[in-house]
Asker: 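Below: one structure in structure tokens.
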Amino acid sequence: MMAFGRNSRIDTRRNSSYCSTATMGVFVALCLVGVWMMTSSTIVPGDMSSTGTNSEMKHQVSETDLKQFEDNQSDLPEDAIKGDTNSDANTSTNEPDPDSTSKEIENSANESKGNDQAENAAKGDKGAKDSWDDTSKGQTYNDVNGETEGGMASVESGKSDSDGHQISSGGEGQDKNLEQNSGERNAGTNSDEAANDAHEKSVDQSLEGSGDNVQENMEQSSDETINNAPEKNMEQNSDGTGNNMEEKNIEQSSDETVNNGEDENTKQNSDVTESSTQGNSQQKYNEDVKNEQVKQLEQNFDEATNNEMRQDEKIGKDEMGDGQINNTGNENQDNSSGNNVGNKQNDQAMNEVFPDGAQSELLNETNTQNGAWSTQATESKNERETQKTSASSSSKQSFEFTWKLCNSSAGTDYIPCLDNDAAIKKLKSTKHYEHRERHCPEEAPTCLVPLPDQYRRSIEWPKSRGKVWYHNVPHTALAQYKGHQNWVKVSGEYLTFPGGGTQFKNGALHYIDKIQEALPGIAWGKQSRVVLDVGCGVASFGGYLFDRDVITMSFAPKDEHEAQVQFALERGIPAFSGVMGTKRLPFPSRVFDVIHCARCRVPWHIEGGMLLLELNRLLRPGGYFVWSATPVYQNIPEDVEIWKAMSALTKAMCWDLLMKTKDKLNRVGIAIYRKPLDNTCYDKRKANGPPLCQESDDPNAAWNVPLQACMHRLPTNPAERGSRWPVQWPLRLETTPYWLNSSQTGVYGKPAPEDFTVDYAHWKYVVSNSYLNGMGINWGTVRNVMDMRAVYGGFAAALRDMKVWVLNIISIDAPDTLPIIYERGLFGMYHDWCESFSTYPRSYDLLHADHLFSNLKKRCKLLPVMAEVDRILRPEGKLIVRDKVEIINEIENMAKSLHWEVRLTFSKESEGLMCLQKTSWRPKEVEASTVS
């Protein structure tokens with residue numbers, strides 16, 4: 001094609017007959033080129049898609065990595081296969097300007113981009129020979145109209161979409177199918193007609209001029225022809241000069257024609273070659289002038305290409321993000337809700353799931369560090385050693401993919417660390433509720449917990465607060481035992497919860513408001529945000545505190561009050577199974593604003609007040625203890641003695657009794673105590689009982705640490721955590737804790753305050769641009785959420801406006817940032833994911849695991865962890881995993897062996913994201929031996 005550029009350099013000093021002959025030669029050559037362009041519109045290689053031209057800005061994974069994220073495209077939802085819709089717009093606005101060569105080149109480049117986008121929308125093309133061909137395999141797929149688009153999704157070839165259209169990724173027989181459907185591809189046809197019209201216009205202009213004008217118009221026509229060729233050919237033309245450029249373009253045009261089986265085009269291209277060769281033999285150019293022309297052409301082309309790439313970068317960031325996406329799965333009931341992903345996701349395709357710029361570094365978990373915080377494992381280990389206790393040894397586990405049902409006496413309610421019958425039988429004493437504490441098996445189970453008969457999807461919040469499906473929690477003993485106190489009742493296929501409790505038979509909300517009426521300073525939802533409810537029953541107290549913008553961590557033992565915590569979780573209320581026995585609760589010190597006990601059956605006054613002193617450790621300086629039990633308001637001898645003992649103990653602990661009142665409606669009494677703000681009272685005590693803890697005793701150490709009957713001194717440094725109350729809710733959610741300073745190094749390597757701020761911005765971006773709109777999750781069905789590896793609680797904070805609650809878990813080997821989470825008005829607990837979690841099966845709607853599995857793999861096998869994930873996740877529940885690509889692949893294989901649905905996979909360089917959905921599948925075979 002560069003031959004025309006050479007033929008156009010007419011020497012005006014020659015005689016008119018020679019000029020006429022040259023003009024005729026040029027005219028014939030241009031006519032042939034025009035015919036060739038009109039007939040070659042269907043053989044433009046597929047490597048000129050929008051993703052191809054933007055290859056410098058988009059991360060491409062290898063074919064091997066890409067296959068890890070391939071799913072069955074028959075499950076591909078409509079909103080996951082939306083491609084670039086700007087092709088027509090690009091082609092319709094790019095008309096050539098004969099007055100400016102550089103403008104002509106830029107417009108032609110954009111026009112070429114539009115043509116190629118339309119062509120890529122019409123076929124996968126196997127004729128492209130460059131390196132893009134390797135990474136684009138499996139990236140061509142059909143949209144719902146049956147049109148093929150080169151997109152960002154990774155799918156298998158030879159499949160059909162939901163409408164029965166054939167999905168193609170290139171290969172043999174594709175050109176034949178394209179010929180049959182050519183009448184339907186208006187975008188490609190219109191784009192080619194626009195290009196040909198522009199070219200014919202340039203030919204007409206070249207005939208009207210003479211001398212230098214003819215030369216200028218011929219250069220523009222040549223540039224336009226080049227810009228309408230494939231991008232790779234343009235790059236080669238720009239790099240070469242003279243005959244080399246001409247021969248490369250002619251040869252590639254011929255190769256493309258042969259590869260696409262177009263005999264007629266081959267003949268025409270041969271004619272163009274012959275004509276060009278004749279023109280070359282007739283015309284001799286000055287070599288310096290030719291080189292100058294080529295240099296100018298390269299410069300103009302580079303400018304046009306750069307402009308195009310900058311525009312593509314903007315479009316790419318707005319619409320697609322930087323990665324490879326595979327969005328699959330059956331939407332089913334998710335698409336029937338108003339919260340599902342619809343046209344909004346089509347408009348934005350798939351929003352950026354990994355942040356750009358400075359935020360992207362948060363994804364690289366290989367560079368995380370403990371920063372200014374020690375780990376809970378270190379704290380607790382040191383504390384246990386100080387108390388001369390042994391650390392439990394890590395268990396050795398093995399992989400296997402033959403799933404079986406657990407053989408446990410607990411059946412469908414099996415909690416491995418609480419139902420370890422063999423370990424419980426070996427206990428020397430159960431005086432301090434040792435049999436209700438955690439006793440994990442030496443090897444974590446890899447079996448699956450069966451489903452209750454007739455189990456069905458949980459009722460959505462807020463209806464679930466008042467009733468649940470009976471068959472989901474088929475227990476009636478508590479209804480018989482506590483029905484008269486309005487805990488729970490059986491009503492047909494439902495279990496109903498009137499909102500009562502032992503101390504608030506006529507409803508929890510009246511009881512809650514009565515507390516604030518008696519003590520306005522408690523200020524529910526403003527001053528008081530995070531509450532611990534001890535001995536919670538079915539957790540109606542915490543369930544109704546949501547109406548006052550308060551979150552409550554409720555717990556109770558797995559005891560004769562059958563399934564009380566399971567009732568709470570099924571209702572959509574936060575709770576876990578635990579007991580105040582011989583060990584500290586899994587929380588840091590000085591974090592709860594209020595601790596509540598409504599006849600919780602805990603003997604606070606015995607053994608030096610050890611259990612009440614544990615609450616003292618957890619209560620924030622200036623925090624409140626609300627106690628409504630019979631000793632507060634009854635005058636029977638036993639209650640009177642307990643009240644006297646409690647009064648003496650609380651006075652020795654420097655707690656102030658702020659008020660003692662009666663709730664006449666519920667006929668109960670309420671006593672409210674307040675923990676001191678400083679050490680003044682401690683220093684003035686005449687008796688040293690209960691004693692102050694040793695300075696070496698770490699109050700934040702909480703994992704398997706034995707209880708001690710002592711009090712920790714309060715902070716004296718104004719910059720120390722606990723020296724003042726947090727700002728009021730909801731401002732505290734976004735406020736950087738006052739005790740974080742720039743001299744501390746955060747988890748991600750930045751100064752701690754900046755680390756906190758960037759983490760929050762990161763999760764707000766990810767949640768709003770990906771999780772809420774890009775995952776295909778019906779958030780109306782999501783209530784109970786767990787962040788299995790929280791850092792600063794940014795994920796939970798980003799969900800603040802959703803009707804969900806998030807339990808933030810800090811792994812014992814991770815930086816101890818749990819106090820930061822509480823400081824911002826959220827809650828969580830410590831846990832070791834190499835062990836089972838203290839909750840019932842089928843407790844959570846959504847689990848979030850950000851680089852959890854790659855960190856766990858250093859200490860334990862992943863198969864038991866996956867079995868635990870399956871245990872606590874509800875059928876139809878979602879698991880979102882963000883981790884290294886190899887870990888994503890491993891988890892995906894396990895999930896498929898569990899018959900889970902792979903809803904979405906995404907990869908960017910070595911990082912990946914995956915969304916899985918649990919199904920109701922259970923194996924038939926039961927383990928031979930009983931689990932323990």
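Index from 1, following the sequence. Any value given below was found using the heavy atoms of this structure, including those in side chains, with hydrogens, waters and symmetry copies removed. No experiment lies behind these values; they were computed from the predicted model shown.
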Asker: Any sub-3.5 Å donor-acceptor pair from W833's side-chain atoms to M788's backbone N or O?
Answerer: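 At least one qualifying donor-acceptor pair exists.
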Asker: Using ring centroids (six-membered ring only for Trp), state whether F592 and F587 fall under 6.0 Å.
Answerer: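 Yes, the ring of F587 comes within the 6.0 Å limit of the ring of F592, centre to centre.
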Asker: State whether a side-chain donor-acceptor pair under 3.5 Å links E734 with Y760.
Answerer: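 Looking only at side-chain atoms, Y760 and E734 do form a donor-acceptor pair, the distance falling under 3.5 Å.
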Asker: Can a donor-acceptor pair be found, under 3.5 Å and without considering hydrogens, that links the side chain of N666 to the backbone of K505?
Answerer: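 Indeed, once roles are kept as given, a pair shorter than 3.5 Å links the two residues.
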Asker: Table please: side-chain donor-acceptor pairs of residues 604-615 below 3.5 Å, with sequence neighbours left out.
Answerer:
| unit_1 | atom_1 | unit_2 | atom_2 | d |
| --- | --- | --- | --- | --- |
| E607 | OE1 | H432 | NE2 | 3.0 |
| E607 | OE2 | H432 | NE2 | 2.6 |
| E614 | OE1 | R617 | NE | 3.0 |
| E614 | OE2 | L585 | N | 3.0 |
| E614 | OE2 | R617 | NE | 3.4 |
| E614 | OE2 | R617 | NH2 | 2.8 |

Asker: Sorted by first residue and then second, give each ring-ring contact (aromatic ring centres under 6.0 Å, His included) pair with at least one member in residues 651-696; sequence neighbours left out.
Answerer: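 Every ring-ring contact (aromatic ring centres under 6.0 Å, His included) pair that includes a residue of residues 651-696, provided the two are not neighbours, is F625-W655.
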Asker: Is Y840 reaching over with its side chain to a backbone N or O of S577, donor-acceptor style, under 3.5 angstrom?
Answerer: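 No; judged by distance alone, with no hydrogens or angles, the pair does not exist.
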Asker: Using the rule side-chain contact (heavy atoms from CB on, under 4.5 Å), only one of P574, C600, S554, C597 pairs with C536; which is it?
Answerer: S554
Asker: Please find the pair of heavy atoms, one from R824 and one from A797, that lie closest to each other, and give the distance.
Answerer: NH2-CB, 3.6 Å
Asker: Counting only N and O atoms by type, is there a donor-acceptor contact under 3.5 Å from the side chain of K675 to the main-chain atoms of L619?
Answerer: yes
Asker: If I take atom CD1 from residue I522 and atom OG from residue S528, how far apart are they, to the nearest 0.5 angstrom?
Answerer: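 The CD1 atom of I522 sits 4.5 Å away from the OG atom of S528.
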Asker: Can you run down the salt bridge (Lys or Arg N to Asp or Glu O under 4.0 Å) pairs that involve residues 585-594, sequence neighbours left out, and say none if there aren't any?
Answerer: D593-R620, D593-R732
Asker: Just to verify, what does D547 make a salt bridge (Lys or Arg N to Asp or Glu O under 4.0 Å) with, not counting sequence neighbours?
Answerer: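 If we apply the salt bridge (Lys or Arg N to Asp or Glu O under 4.0 Å) test to D547, skipping adjacent residues, the hits are R465.
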Asker: Under a 4.0 Å N-O cut-off, is there an ion pair linking R713 with E695?
Answerer: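 Salt bridge flag = no for E695 with R713.
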Asker: Quick one: closest heavy-atom pair of S723 and P718, and the distance?
Answerer: OG-O, 2.9 Å
Asker: When the ring planes of H596 and F541 are compared, do they come out parallel, tilted or perpendicular, using 30° and 60° as the limits?
Answerer: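 Because their plane-to-plane angle is under 30°, the rings of H596 and F541 count as parallel.
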Asker: Using salt bridge (Lys or Arg N to Asp or Glu O under 4.0 Å) as the criterion, list what pairs up with R529, not counting sequence neighbours.
Answerer: D549
Asker: Who passes side chain to side chain donor-acceptor pair (under 3.5 Å) against D513, sequence neighbours left out?
Answerer: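 R548.
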Asker: Between R584 and D697, does at least one N-O distance fall below 4.0 Å, as a salt bridge requires?
Answerer: yes
Asker: Would you please classify the geometry between the F555 ring and the F576 ring as parallel, tilted or perpendicular, with 30° and 60° separating the classes?
Answerer: parallel
Asker: Just checking H831 against F837, ring centres under 6.0 Å apart?
Answerer: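 Judged by ring-centre distance (under 6.0 Å), H831 and F837 do meet the cut-off.
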Asker: Between D755 (side chain) and Y748 (backbone), is there a donor-acceptor pair under 3.5 Å?
Answerer: yes
